[in-house]
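Here the structure comes first, spelled out in structure tokens, and everything after it is commentary.
Starting from 1, each residue takes its place in the sequence as its number.
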Amino acid sequence: MDWAAVPGRSFRCDTENTLCSLIFCFHSSQIDDKEFDIPQVDTPPTLESILNELEDEEEPFVLEDTCVLSTDNMDAHSCETSSLASSDSGDPAHLKRKRKTVDLNTTVHGSVLRHNLLKGISAQIVSAADKVDAGLPTAITVSSVIAVGTSHGLALVFDTNQALRLCLGTKTTGAEFGAVSALSINHDCSRLLCGFANGQITMWDLANGKLLRTITDAHPPGTAILHVKFTDDPTLAVCNDSGGSVFELAFRRMMGMRSCDSRCLFSGSKGEVCCIEPLRAPPDFRDHPITHHSLLAMASLTKILVIGLKPSLKVWMTFPYNKSDPSSVPQLAWHFVPVQKTVNPVLAFCKGDIVHFLLVKKEESGAIHVIKQRQLHLSCDIISLSWINSSTLVLVDSREKLLVVDRPSQEVLETLDLEQVQLVYNSRHFKSLATGGNVSQALALVGEKACYQSVSSYAGQIVYLGTKSAHIMTLRNWRERIDCLLKQDHFVEALSLSWSFHEGTAKAVVGLFGDTVKRKGVISDKMVEILCKFAEYALKKCPEQGKIQVMEQHFQDVVPVLVDYCLLLQRADLLFNQLYDRLVENMVAKGVFLEALESYIVVDRLGHLTTPIMRDLLAHYHDNGMMDSLERCIVHLDVTSLDIQQVVQVCWENQLYDAMIYIFNSGINDYLTPMEKLFAVIGPPLREGRSLTDEEVVIGNKLLVYISCCLAGRAYPLGDIPEDLVVQVKNQVFEFLIRLHSADLSEEEEVFPFIRTLLHFDTREFLNVLAMTFEDFKNDKQALEYQQRIVDILLQVMVDNPDFIPSQVGGLFTFLARQLAKPDNTLFVNRNLFDQVLEFLCCPDDDSRHTERQQVLLELLQVGTVVQFNEGRLLALAEKAKFYQICEFLYEKQHLYDRIIDCYLRDPLRKVEIFSFIHNLLSMPGYSPEEKQTVKDKVLQHIQELVTLDPCKSADIVLLHFTQEVFMNLAPLLLVFLTTLSLYLRECHQLRTFLPLERDLHELLLDLLCRYAPQQLLSFLQASQHYRLEEAIQTTEKYHHSEATAYLLEKKGDIDGAFSVLLESKAEVAGEKQDEGKIQRDSTLTKVKDSLSDIINLCNRSSHNLFQQQREVHVFELLKELTMKVLNCMSSFISLPAIIQRILQDPVYGTGKLAELQGLILGMMDSFNYEQILLETTTNLLNHDLHWSLAHLRAAVTRGLHPRQDYCNICLQQYKRRQDSVEEIIVFICGHLYHVQCLQQKDSGCGISLAAHQQWNCFKCSSSHGGRGGPSIEPNRECSTSLAQVSIFVYDLTQTTSLANSSIKEEIFRGSSITLVHTEAIRFEYNILNLLINIGLDLSRHLSTAQLWLC
């Protein structure tokens, strides 16, 4: 792409804050080669020729645009890429026949960004690195020109044509200053600031390439420049170094001398700042009041700061980060955003995956307010953040994926892969490698992903710097985004995107100007063009061979889209003329088109068809048997678009009655002819008494619905009758129905044939139609006359007519009763007929529609229509017919409220309402005490039934209204009531509700259970927790309920008392057994077994809480009476020897044959107890002695030896302490030290061969005891063992597992001054242990034999 073709240099800000295009207007100038330090070559070329040269053998770094198929219009200097999100996945074709509709909620964005490779700049960067050793690119900044910094300290400045204008700096200065680490251009593009890795800053004049300033003392030495930024004030800049500090640079020029004053704004010792961003206003907002403060945003590793540099330094806001990855890179970006009709700067910042927005505005008072806006949550680690317009951000994550995000909707519009760009990272500068790497670990960790100087944005364009290339991103205008989809044949997506432009819902829109109407017109023209192309494409791509289903599916994917968008654009002419004319060429496409129209017609999106289309529609649907679809279409179409004669003929031939009715009604305002046609279908079979077919039943139902619609003023099947025709149509229908004879009069025809036909077809539904019609008759004299006339005809036709069954006549009477029950009733019925209606309503033999008949009669009573009727006779009829609501009405009228309770109890549908009735009557004023007392008496009579019906509600009634009566007079009955009351109380406890007298009620229930229902006593005690234990125990003891008493005593913790009570109970039961006869013996035996089981269960439950002695006391008391079941139960928690011994000591076993074995077994038990105690005691002693012996043995052999002197006691010469000494020495336990050679010469000790070593005796100690020592076999406590011997002893002891039968270990014990007595003791103890084990085995065998014998 030729940069001269890029839109203008000046800003254009429209109301939608679209992309501001950039115009570059600089001209290339000649560069003097002498300016540059170029290495000498044989044939020195000019620098310009080198940098503009492309080698033939090398292909430049190019990204191809996958969405552009034709390259005819592609510029030689640019290449485009498409969005990853806009690629086609190639959906498989489905052969299933279906009709598609366009989903307008589907969001399509297309390719939002245009990605261009700056081929000219990229090629010159590569050539400069290869040819003149300019180094690799390190930083980039963009304004009206593009400046690129290199690793060798050069700054390359390119103009609008990507031609090199200036090369600032030399390799000599580059070697001194290091790599260019930061760049910045002022707002008028006249100055360039360069920051270097060694900490220097230079200022250049971009007009002539002259070096204006070299700043070396602006910040502490030894730190690299990370950022250098101009502010809106050309004399003020800020910089940030690798120490984390921020400095203000104030440029001065006095008397021709340029200077720079530096001021520290933020010290790195308080927290390292790694990103700074001054607020720079575009030209249109240079006069914004906020610009007078020169705001500066700084991002440290922990927080964001916004400060004002003017008029004085002031901190306006601090904002801490959320928890994030320590390696996440802080990002800052300013932009002026319209908010609520005003434009204010918004700061976007992030560290990690959450982007925060801060709105900064200046109040009239001069104070600056910072307002937090909605956050943007992403699922990636952001390393670059840039605004491309006021509502769109461009982000780069740590995987080098570029994201285009719409801020208002927080929607990701597009994703691009920047892997081929090979972004330049600023890690070396953040680590300050050029100055020794003296930075903190936290800053170095952030620097791993820092690419601040590789991204620069200006006027809606973002430039990215790669290792060998430069790339520019701009927003596509709306036409480009559509065309990009069209080039990929994505017509549906292109139409969806176009419609979003049309409706104003698209995101990141560029290039749409003017008012809404004009913009919609432009987009509509574009959509028409796309629709035509889509139709041509569909016909062209249609498979010419294969199954017809494949072709149908192909066009079903196309035709609904065409129809949808034509209707959305309100271009039916385009649909029916141009598009249909093209689709008609293909018969499959034509059929799909005609069938697709149905879904739009039935939802009233398409109401008018042209005559050719309607003709083709009728023919196609008729030929394909789609008559139901045709009928649905006809009733929704405008009649003026139909050929009435043709349509009516088709409807009659195919029995499309709905369509026929619609044509007659809407086309020619004829509402009676369709009715006559329908009566002609169902009338004859009904008069002949034949059963109707299913089709005739459907027609009859249509007729009823049609009559109902006409009488209600609604059109059939849809819509409403015109208001000026409603009354006329209603009168016509009534006149038609009450005709004496039809037009085709026959001799057999009876009077009122139409009403008779409807009554025979469905009496109930016809009467319902009349009832709904009569609801609207108010103050309409004509309608009321028709009402009376129809009622008279109904009575004349149906009463005393054998053609109608009683249920049909009953339906008529019910209908009449409802009409008579209306407050504004005007119908007149003679007295005899009215009595007849009442007799029918109260007929007990007819169970059909029981509820409806009762309701009708109740309505008659409520409106006072039955005033003259005998109430006594009516009450008798109602009781006989089980009309309990009628009875209630009459009883209430007579103030017999107690009888109403019987009505509720007998009515299965209203039983549960009796509690509300009782409560309301007893609670509300207006009833006399006598009336309330009669109701109370009635309730007490039926309390059992009420409790059975609903215990909870019964309890509620009793607690509120019958407390005294219950406590005074109803003790037996109270038992039943209180039993159900417990359920109610449990529900109250779950709701944390407590009733008065609750404890008294529980204890009263306990007393009643003891007296009247002892079988429920124990379950109540187990379920309830609201009684006092002492009172409950007294109550159960009073009534001699032993099992309940035992349970309460056990619950209290008195196990002995519970055990005693159960034993006494068992004894009583056993006593009863002795006194009883043989007849009841089995029952008594069962009681005894149950009693014993209760005692055993008590023992099981309480065994874990008792001592051994207490357990034995209880069990031994029970032993006399227990069977084998009791014995087996006891064996689980009492030792078997104790059981056997207690059994054998009983006098019972002292006589007979058992007496002969008693002494033997008791002796065995005594021996067993003795031997068991002996075995446990011996084992404890053995373990203690063995532990003591081994502990002393280990202490002896690990004890260190300390020589008394450092010379030999024989030669009196000092031994050598050097490590390389070869002399051998011996140290004895006594502390004397000898040379080995001296001992051998004196022959003072005799060695005994032991594991290839000799055993020595101390010469001096043995001499003091009367002469030379010799071989010593017996252990001597005063014999000293050498250090070497001790070490041998330790080694052997750790490698040995047995102490018996080892002469080596005996010698070791001896050499360690440990006598053999210990070893013999150990052997003796082991022998004792083996003996005791054998004895124990024998005892266990004897015990097993004894136990087996006992069993």
Side-chain angles (χ1 to χ4, degrees), residues 601-602 604 607-609 611 614-615 617-618 622 627-628 630-684 695-696 698-745 749 752-758 761 766 769-770 772-773 776 780 782-783 786 789-790:
I601 294 173
V602 296
D604 297 324
H608 182 83
L609 299 180
T611 302
M614 189 63 207
R615 183 174 55 252
L617 184 74
L618 289 173
H622 184 271
M627 303 314 299
D628 292 339
L630 177 60
E631 186 174 32
R632 285 193 294 270
C633 292
I634 291 175
V635 299
H636 285 83
L637 287 173
D638 183 6
V639 179
T640 59
S641 65
L642 303 178
D643 185 344
I644 294 181
Q645 182 178 0
Q646 180 187 10
V647 173
V648 169
Q649 182 179 358
V650 172
C651 292
W652 279 120
E653 292 175 355
N654 297 276
Q655 299 180 354
L656 305 181
Y657 296 107
D658 287 354
M660 181 265 296
I661 293 173
Y662 174 75
I663 295 299
F664 273 94
N665 292 350
S666 301
I668 56 179
N669 291 334
D670 185 355
Y671 290 87
L672 299 182
T673 301
M675 206 175 299
E676 292 175 350
K677 300 292 184 182
L678 295 178
F679 272 111
V681 175
I682 65 172
E695 292 78 6
E696 291 170 341
V698 171
I699 295 173
N701 290 329
K702 286 181 182 294
L703 178 59
L704 283 175
V705 176
Y706 177 55
I707 293 174
S708 175
C709 290
C710 292
L711 295 177
R714 296 189 302 271
Y716 182 88
L718 300 169
D720 295 314
I721 297 175
E723 293 184 3
D724 56 337
L725 297 177
V726 171
V727 176
Q728 177 184 346
V729 170
K730 187 182 298 185
N731 294 337
Q732 289 178 356
V733 172
F734 276 129
E735 290 291 343
F736 177 82
L737 291 177
I738 63 178
R739 287 181 183 178
L740 280 174
H741 296 285
S742 63
D744 302 330
L745 178 62
E749 185 182 83
F752 310 114
F754 301 123
I755 290 181
R756 287 180 183 273
T757 300
L758 293 176
F761 175 73
F766 176 55
V769 169
L770 294 177
M772 289 188 295
T773 303
D776 299 331
D780 188 347
Q782 182 67 33
Y786 282 125
R789 176 61 175 156
I790 289 178

Does the side chain of Asn669 come within less than 4.5 Å of Pro722's, by heavy atoms?
no
Is there side-chain contact between Ile661 and Leu678, with heavy atoms separated by less than 4.5 Å?
yes
Atom pair CG (Leu711) and CG (Leu737), whose distance is rounded to the nearest 0.5 Å:
7.0 Å
Atom CG in Asp604, atom CG in Leu637: separation rounded to 0.5 Å?
9.5 Å
Counting only heavy atoms not in Gln645, do more than 12 sit closer than 6.0 Å to its CD atom?
no
Inspect the contact between Arg615 and Asp643 and indicate whether a charged nitrogen and a carboxylate oxygen are less than 4.0 angstrom apart.
no
Which heavy-atom pair separates Val733 from Cys710 by the least distance, and what is that distance?
CG2-CB, 3.7 Å
Does the side chain of Leu703 reach to within under 4.5 Å of the side chain of Thr757, using non-hydrogen atoms?
no
Should Ile707 and Leu758 count as side-chain neighbours, where that means a heavy-atom distance under 4.5 Å?
yes
Atom pair CD1/CD of Ile663 and Gln649 - distance to nearest 0.5 Å:
13.5 Å
Would you compute the distance between atom CG of Leu609 and atom CG of Asp638 and round it to the nearest 0.5 angstrom?
9.5 Å
Which pair of non-hydrogen atoms, one from Cys651 and one from Ala659, has the smallest distance, and what is that distance?
SG-CB, 3.5 Å
Go through the steps for Tyr657 and Trp652 under the test side-chain contact (heavy atoms from CB on, under 4.5 Å), then give the verdict.
CA-CA 7 Å; Tyr657 296 107; Trp652 279 120; 3.9 Å; yes
Less than 4.5 Å apart, side chain to side chain, heavy atoms only: is that true for Asn665 and Val729?
no
Over all heavy atoms of both residues, which pair between Ser666 and Val639 is shortest? Give the atoms and the distance, please.
CB-CG2, 3.4 Å
For Gln732 and Tyr671, indicate whether the former's side chain and the latter's backbone hold a donor-acceptor pair under 3.5 Å.
no
With side-chain hydrogen bond (donor to acceptor under 3.5 Å, both in side chains) as the criterion, how do Tyr786 and Glu735 come out once you've worked through the C-alpha distance, each side chain's angles and the decisive distance to 0.1 Å?
CA-CA 8 Å; Tyr786 282 125; Glu735 290 291 343; 2.5 Å; yes
Do Thr640 and His608 have side-chain heavy atoms sitting under 4.5 Å apart?
yes
I need the Glu749 CD to Arg756 CZ distance, nearest 0.5 Å.
10.0 Å
Using 30° and 60° as the class boundaries, would you call the ring planes of Tyr706 and Tyr716 parallel, tilted or perpendicular?
perpendicular
Mind checking whether Asp670 and Leu672 have side chains closer than 4.5 Å, heavy atoms only?
yes
Please report the interatomic distance CD1(Ile755) to CG(Leu740), rounded to the nearest 0.5 Å.
10.0 Å
Between Met772 and Ser708 the two heavy atoms that sit nearest each other are CE-OG, 4.0 Å
So, for His636 and Ile601, which heavy atoms are closest and what is the spacing to 0.1 Å?
CB-O, 3.3 Å
Please confirm whether Phe679 and Phe754 have ring centers closer than 6.0 angstrom.
yes
What I want to find out is whether Glu631 reaches Lys702 closely enough, with some N-O distance under 4.0 Å, to be called a salt bridge.
no
Nearest non-hydrogen partners of Val650 and Asn654, listed with the distance:
O-ND2, 2.7 Å
